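To start, the structure itself, in structure tokens.
In this chain, residues are counted from 1 in sequence order. None of the values given here were measured: they were computed from a predicted structure.
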Amino acid sequence: MRRSSLLVLLFLPVGVDGLGAATAVTEQVFLAALDDAHPASRALAGDLGAAEAERRRASLLSDPRLEIEREELENFERETTWGVSWTPPVDGRRRWEILASEAGVEAERNRLEARLAELRRDVRRSYADWATGEARVALIAEHAGRLERLAERMRHRAEAGEESLLDARRLEIAHESSEAALSRARASALAGRAGAAAWLADDARDLTTAEPALPALPEVPNDLDSGLRPDLRAARSRVDQAEALERSSRRIAPAPEISLGWKNVEAAGVDLDGPIFAVSWRLPVLDRRRADRMAATSAVAAAEAGNEWATRRATADLAAAVAAYDELRRSALSARANLDGLDDVARAATAAYEQGESSVTDLLDGLRAVLEARVVALDLEVAALEAHRQLELAAGRALTSGDRS
């Protein structure tokens, strides 16, 4: 259902002309493709399936053992015995093994949630690469177009003797350099578009006419808590699992094996039969499970230490992620606000040159400064978006609230 809505939104024409109209795509619409049916999501579920199978195995009782024995002696005596043997789970280990398997399922469920969060980050990164790549192409294309118009105008005026041939040639060289930069940006944008399309269904991968909106840079919420991260919940479940396994490995008297059967004895003129009942124990005099207890005790200590270290690291990661994103967000928003007057700067530099008030060097420096300011602002936005993706991982939950438009 989510994928169907994605297809509808992704290819809904913005214009009223229908075919050929550009389509607007946001990060939220793009993320709708990453549902439970997506192959990237399904590929991560193998470990959880294995843990659930182990839980099922732990809950099963042991199978009974069927024995049939037949003896024929030299004096024509014949003896036939059949019976069923079974070891009931009365030694207490089964309970702890079930608890350990349930903790293992919970750990794998949380690990899957953590890996899906990383997958969400990858989808967001792919979308951001596509969106910022297209934005970079637009910036450089505008700069190259302005230089192309200036170079053509100056060439005609130079041919008419109204401008310096050297100045006209310098503008042509600047335009050629901008075209080379534009080609590199287009190549990068095409790669970003192809990478983004890979996340979509086969019939939704044509993004030729799509126009991706740059994602938003939302404020940092006040209720972030690293303790809610799924990888930390998985670490705590691993401790529970190790403790249950340690309890199951303790020195417990083994359960007896109970046998029920029937014996028939045939001899010369004699035919006897009757029931058989037997109980047998394995005597743990050599304590062969001592090694299991040592391993289980070590596993508990390692799981507790891993949980403690993961908790410390998560706290530090969240603090670092908040600080980094907050700094980059402020810088990106400030740079974005300063872009409003750059078109006026470009027009003023062009007018000053055409009126003879400045040199071609001043003109090129002014146009280059405008382009650099816009590229720096875009680079800050790229860095802030990456910092926000890392903040989501550090917080253990989604933090997006809408696209910038």
| request: Assess whether atom CZ of R330 is packed by more than 12 heavy atoms of other residues, nucleotides or ligands within 6.0 Å. | output: yes

| query | Can you list the steps and then say if R155 with E172 is a side-chain contact (heavy atoms from CB on, under 4.5 Å)? | reply | CA-CA 8 Å; R155 183 175 63 253; E172 289 178 356; 3.2 Å; yes

| query | Which atoms form the tightest heavy-atom contact between L371 and L139, and what is the distance? | reply | CD1-O, 4.0 Å

| message | Please tell me whether R193 and S126 have a donor and an acceptor in their side chains that are separated by less than 3.5 angstrom. | response | no

| said: Looking at K263 and E79, is any side-chain nitrogen of the basic one under 4.0 Å from a carboxylate oxygen of the acidic one? | reply: yes

| note | All heavy atoms of A384 vs all of A332, minimum pair found to be CB-CB, 4.3 Å

| said: For W309, I'd like to know if atom CH2 has over 12 heavy atoms of other residues, nucleotides or ligands within 6.0 Å. | reply: no

| said: My understanding is that only one of R397, R124, R121 makes a side-chain hydrogen bond (donor to acceptor under 3.5 Å, both in side chains) with E392; could you say which? | reply: R124

| query | To the nearest 0.5 Å, what is the distance between CG (L333) and CG (N338)? | reply | 11.0 Å

| 4.5 Å side-chain heavy-atom contact, M154 and D167 | no

| query | With a 4.5 Å limit on heavy-atom distance, are the side chains of N110 and L232 in contact? | reply | no

| field | Salt bridge present between E386 and R389 (N-O < 4.0 angstrom) | value | yes

| request: Using the side-chain contact (heavy atoms from CB on, under 4.5 Å) rule, take L99 and D240 through it: C-alpha gap first, then chi angles, then the decisive distance, then the call. | output: CA-CA 8 Å; L99 290 176; D240 296 338; over 6 Å; no

| request: Spell out, as yes or no, whether a donor-acceptor pair under 3.5 Å connects the side chain of T209 to the backbone of T23. | output: no

| query | So how far is it from W130 CH2 to L214 CG, rounded to the nearest 0.5 Å? | reply | 11.5 Å

| Trace of the salt bridge (Lys or Arg N to Asp or Glu O under 4.0 Å) decision for D379 with R374 | CA-CA 9 Å; D379 288 341; R374 287 174 171 162; over 6 Å; no

| task | Before accepting this row, confirm whether a basic side-chain N of the pair R42/D35 lies closer than 4.0 Å to the acidic partner's carboxylate O. | result | no

| said: Using only atom types and a distance under 3.5 Å, with no angle test, would you say the side chain of S41 pairs donor to acceptor with the backbone of A37? | reply: no

| query | Are any of the side-chain nitrogens in R329 or D326 under 4.0 Å away from the carboxylate oxygens of its partner? | reply | no

| said: Are more than 12 heavy atoms, taken from residues, nucleotides or ligands other than E219, located less than 6.0 Å from that residue's CD atom? | reply: no

| task | Could you check L385 against V382 for side-chain contact (heavy atoms from CB on, under 4.5 Å), going step by step and ending with a plain yes or no? | result | CA-CA 5 Å; L385 290 173; V382 170; 5.7 Å; no

| request: List the atom of L380, the atom of S331, and the distance in Å for their closest heavy-atom pair. | output: CD1-O, 3.7 Å

| note | For L399 and P218 the tightest heavy-atom approach is O-CG, 3.9 Å

| message | Return the CG to CZ distance between L260 and F277, rounded to the nearest 0.5 Å. | response | 6.0 Å

| Below 4.5 Å, heavy atoms only, C-beta onward: do D231 and E113 meet side chain to side chain? | no

| said: Do L318 and L224 have side chains that approach each other closer than 4.5 Å (heavy atoms only, starting at C-beta)? | reply: yes

| field | Side-chain touch E381/T132, heavy atoms, less than 4.5 angstrom | value | no

| said: Looking at every non-hydrogen atom in both residues, tell me the closest pair between T80 and R70 and how far apart they are. | reply: OG1-NH1, 3.0 Å

| Within residues 301-319 or reaching into it, pairs that qualify as salt bridge (charged side-chain N to carboxylate O under 4.0 Å, His left out) - sequence neighbours excluded | E308-R312

| field | Worked verdict on R293 versus S249 for side-chain hydrogen bond (donor to acceptor under 3.5 Å, both in side chains) | value | CA-CA 5 Å; R293 291 198 301 275; S249 70; 6.0 Å; no

| request: Enter the distance from T87:OG1 to I258:CD1 here, rounded to the nearest 0.5 Å. | output: 8.0 Å

| said: Please report the interatomic distance OH(Y325) to CD(Q390), rounded to the nearest 0.5 Å. | reply: 13.0 Å

| Is it true that R125 and E118 make a salt bridge, defined as a side-chain N closer than 4.0 Å to a carboxylate O? | no

| message | Any heavy-atom pair between the side chains of V105 and E54 that's under 4.5 Å? | response | no

| remark: One should read off an interatomic distance between R55 CZ and I98 CD1, to the nearest 0.5 angstrom, of 10.5 Å

| field | Steps toward side-chain contact (heavy atoms from CB on, under 4.5 Å) verdict (L367, L150) | value | CA-CA 11 Å; L367 297 180; L150 283 172; 3.8 Å; yes

| request: Report yes or no: do R170 and T361 form a side-chain donor-acceptor pair below 3.5 Å? | output: yes

| Are any of the side-chain heavy atoms of S259 and V84 separated by less than 4.5 Å? | no

| remark: Test side-chain hydrogen bond (donor to acceptor under 3.5 Å, both in side chains), reference R238, set E243, E108, E106, output is E108

| query | For the residue pair W262 and I276, what are the closest heavy atoms and their distance? | reply | C-CD1, 4.1 Å

| query | Less than 4.5 Å apart, any side-chain heavy atom of V370 and any of E142? | reply | no

